Every structure is written in C-alpha cells, then in structure tokens.
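Take a look at the structure set out below.
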2 protein chains.
Amino acid sequence: MRIDALDAALIRLLTDTPQLPVLECARRLGVARGTVTSRLARLHENGVIEGIVPRIDPRGFGYALTAFCQVEIDQKVGHDEVAEALASAIPEVVDMYTVTGASDMQLRLVAHSAEQLQEVLDRIALVPGVARTASSIAMRTHLSGRMLPLVEHAARG
Amino acid sequence: MRIDALDAALIRLLTDTPQLPVLECARRLGVARGTVTSRLARLHENGVIEGIVPRIDPRGFGYALTAFCQVEIDQKVGHDEVAEALASAIPEVVDMYTVTGASDMQLRLVAHSAEQLQEVLDRIALVPGVARTASSIAMRTHLSGRMLPLVEHAARG
DNA sequence: GGTGAAAGGTCATTAAG
DNA sequence: CTTAATGACCTTTCACC
C-alpha cells in the first residue's frame with residue numbers, strides 16, 4: 001500500500017509514546033478520532049502494522065550478549081527441516097534467515113556470557129543437518145529494528 | 001532481574017493478545033488484578049518490557065526484500081562516526097551492529113527489489129569510512145525477533 | 001467498589017479527489 | 001461522484017483511587 005505523511009506521523013507517535021490513546025493521537029495530530037481509527041485499521045489490514053506487541057529486551061533478564069552465526073547446511077537435509085529443528089531446540093535463536101552466499105543460514109543469538117554463548121553454539125552444531133558454523137559477537141548495537149526513518153522515507157517518496 | 005513462570009505467562013499472554021486489559025489478564029492467569037499490575041510495573045522498570053509498540057512490517061509498504069551486509073571500515077575512521085553516517089544517510093538500514101571477526105559491521109537492510117538493493121548498496125559504499133561491503137540476500141525469514149521461547153526458558157532455568 | 005475517561009460503534013454532514 | 005474526514009451521539013469497559 002501507499003503511505004502518506006499522516007500515516008508516518010501516526011506510526012512515529014505510537015512508537016515514541018506506546019499505548020497512547022486513540023483520542024490523544026487525534027488531538028496531537030490535529031485530526032478527528034475517526035480518522036486515526038480508520039488509518040490504523042488500514043495500516044493493520046495492509047500488514048504495515050503487524051500488531052501492537054510488547055517489545056522484549058533480553059538484556060532485561062540477563063541476556064547481555066548478542067551474536068551472529070552463519071550456518072552451513074548438509075546438502076542432503078532440507079533447509080526447512082533444519083530450520084524447524086533449530087527453532088525448537090535453541091531458544092536463544094531470536095532471528096533465523098535462509099540466505100544466499102557462502103553460508104546457508106544466518107542466525108542472531110543472545111546469551112548470558114561468552115562462555116554460555118559457546119555452549120549455545122555447541123548445541124547448534126549438534127542439530128542434525130548442521131554442517132559447520134561461523135560466528136561473530138556484537139560489540140555494540142547501533143540500531144535494532146529501526147523502522148521510523150524508513151517509514152518517513154516511504155511517506156515522502 | 002529474575003523472571004518466573006508468571007512473568008513468562010504474562011508476557012506470552014500480552015504477545016498473543018496485545019492490549020489485553022489488566023483485569024482480563026488477571027482473570028486468565030488466575031491471580032489478583034494487583035498482582036498483574038505490579039508484575040507489569042516491575043517488568044517495565046527492569047527494562048524487560050521496553051514498551052507495547054506497533055510492530056512494523058516493511059513488506060506492508062513495498063519493502064519485500066531483506067538483505068545482510070558485512071561492512072569493512074577504513075581503520076583510520078572511527079566506528080561510531082561511520083555508524084552515525086550510515087544511520088542518518090541510509091533509511092533502509094534497519095539493524096546495525098559493530099561485530100568481531102572478518103568484517104567490522106553487520107547490517108540488515110530492506111529494499112523494494114534486487115535492483116533497488118543494488119542502489120542502496122551503492123549508497124552505503126559512498127559513505128566516508130566504508131572500505132568494502134559484502135552482502136547476501138534473505139531468501140526466507142524463519143524467525144524474526146522471536147522472544148517467547150527465550151522468556152520461558154529463562155523462567156524455568 | 002465508585003468514578004472519570006477512553007474505546008468502539010454509528011451516523012449525518014462536509015470537503016476534496 | 002466517490003472516497004475520506006469530521007464532529008457528535010451513544011454504550012460498554014477499564015484504570016485508578
């Protein structure tokens with residue numbers, strides 16, 4: 001769908017001020033309540049807003065470390081099969097993609113510490129179909145799921 | 001902070017049924033309303049729940065492609081400087097980490113198409129301090145920001 | 001438990017494409 | 001003429017004290 005400046009402003013407002021009442025959104029944006037309601041409905045219908053969900057920070061309960069892991073898959077095993085096995089066996093996997101290039105899958109992991117990360121990587125290596133892994137540790141998180149500039153860029157373009 | 005089964009159940013409930021009223025949460029969990037309120041306050045204070053925010057899906061407004069980009073930085077330029085420049089110049093960058101290993105930074109990008117991705121990569125290459133990039137395209141997204149199994153694992157362990 | 005407030009629904013009117 | 005926004009009504013429901 002096409003997005004305009006009002007949609008972008010609404011998304012920014014709800015991102016900056018979570019759970020802001022619809023009525024208050026309408027006041028701050030200088031539009032009627034029904035407008036905000038219908039815009040939100042449209043954004044939901046078109047899948048722009050997947051849902052209003054609690055944003056969980058794993059650091060809040062001890063998972064201070066983020067790491068990336070490139071996985072090579074045994075060619076004889078299906079990707080989906082391995083993906084399914086990894087997803088169910090390793091709760092520390094928060095992102096998982098099948099990618100082009102040297103490796104077959106790209107994971108993002110969290111762990112308590114470097115030592116516990118090693119233990120997680122060991123568990124990954126044991127999953128049937130996983131041939132090889134290469135990993136790197138995130139020293140610093142500059143951006144994580146930053147969407148607002150993109151939304152505003154799309155609203156302009 | 002330490003998380004128990006009730007916290008995990010509450011987070012799962014709010015994830016499955018966003019914006020569920022506190023009273024209804026209490027009823028479904030079989031606890032008093034005050035318990036839910038205080039648990040939520042604790043989870044917020046300790047940064048476990050950053051906020052109840054709209055989850056934006058860039059595919060909803062035309063960004064169908066996800067890609068990863070490993071960036072090598074010119075050693076003479078500071079990481080933070082390059083990070084700042086990338087963040088402000090390229091709205092298509094949704095994640096950005098400084099990482100250990102062969103490359104210096106790990107990005108996640110979105111784009112409309114393969115051709116537009118190339119254009120984004122060109123813009124990244126032009127950012128001062130960026131020495132080299134290597135990229136791969138996500139063929140499939142298996143998991144994206146999956147937190148619940150981790151929360152429940154933390155509640156048990 | 002009571003109260004103030006907001007959500008959600010509907011509708012007629014108005015504006016703009 | 002069609003789509004969208006507006007402001008006003010209403011009732012139910014929740015959050016807070």
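Fair warning: this is a prediction, and the values are worked out from it, not measured in the lab. Naming convention: chains lettered A, B, ... in sequence-line order (proteins, then strands); numbering from 1 in each chain.
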### Task
Could you tell me the separation between the CZ atom of B:Arg132 and the CG atom of B:Asp74, rounded to the nearest 0.5 Å?
13.5 Å
### CD1 on B:Ile3 to CZ on A:Phe61, rounded to 0.5 Å
5.0 Å
### Query
Touch check for A:Arg39, heavy atoms < 4.0 angstrom, all strands: base, sugar-phosphate only, or nothing?
sugar-phosphate
## Note on the structure
note: A:Asp7, atom CG; D:dA4, atom P; distance rounded to Å ~ 12 Å
### Task
Measure from CD on B:Glu24 to P on D:dC14 and round the result to the nearest Å.
7 Å
### Closest to the A:Arg33 side chain, choosing from C:dG9, C:dG1, D:dA15
C:dG9
#### Entry: Nucleotide D:dA15, atom P - distance to CD1 of B:Ile52 in whole Å
12 Å
### Query
Choosing from D:dA15, C:dA6, D:dG7, which nucleotide comes nearest the side chain of B:Leu23?
D:dA15
### Query
Hey, are A:Arg156 and A:Glu152 close enough for a salt bridge, meaning a charged N less than 4.0 Å from a carboxylate O?
no
### Task
Determine: side-chain N/O of A:Thr37 to OP1/OP2 of C:dA7, distance under 4.0 Å, yes or no.
no
### Task
Would you mind reading off the distance between A:Leu43 atom CG and D:dA4 atom P, rounded to a whole angstrom?
13 Å
### Query
What is the distance from atom CZ of B:Phe68 to atom OG1 of A:Thr100, rounded to the nearest 0.5 Å?
10.0 Å
## Note on the structure
Here the distance between atom C1' of D:dT3 and atom CZ of A:Arg42, to the nearest Å, is 11 Å
### Query
Closest to the A:Arg27 side chain: D:dA5, C:dA6, D:dC14?
C:dA6
### Query
Over how many whole Å does the gap from A:Asp4 atom CG to D:dA4 atom P extend?
11 Å
#### Entry: Nucleotide D:dA4, atom C1' - distance to CG of A:Leu6 in whole Å
11 Å
### Query
Taking atom P of C:dA6 as reference, at what distance in whole Å does atom CZ of A:Arg28 sit?
12 Å
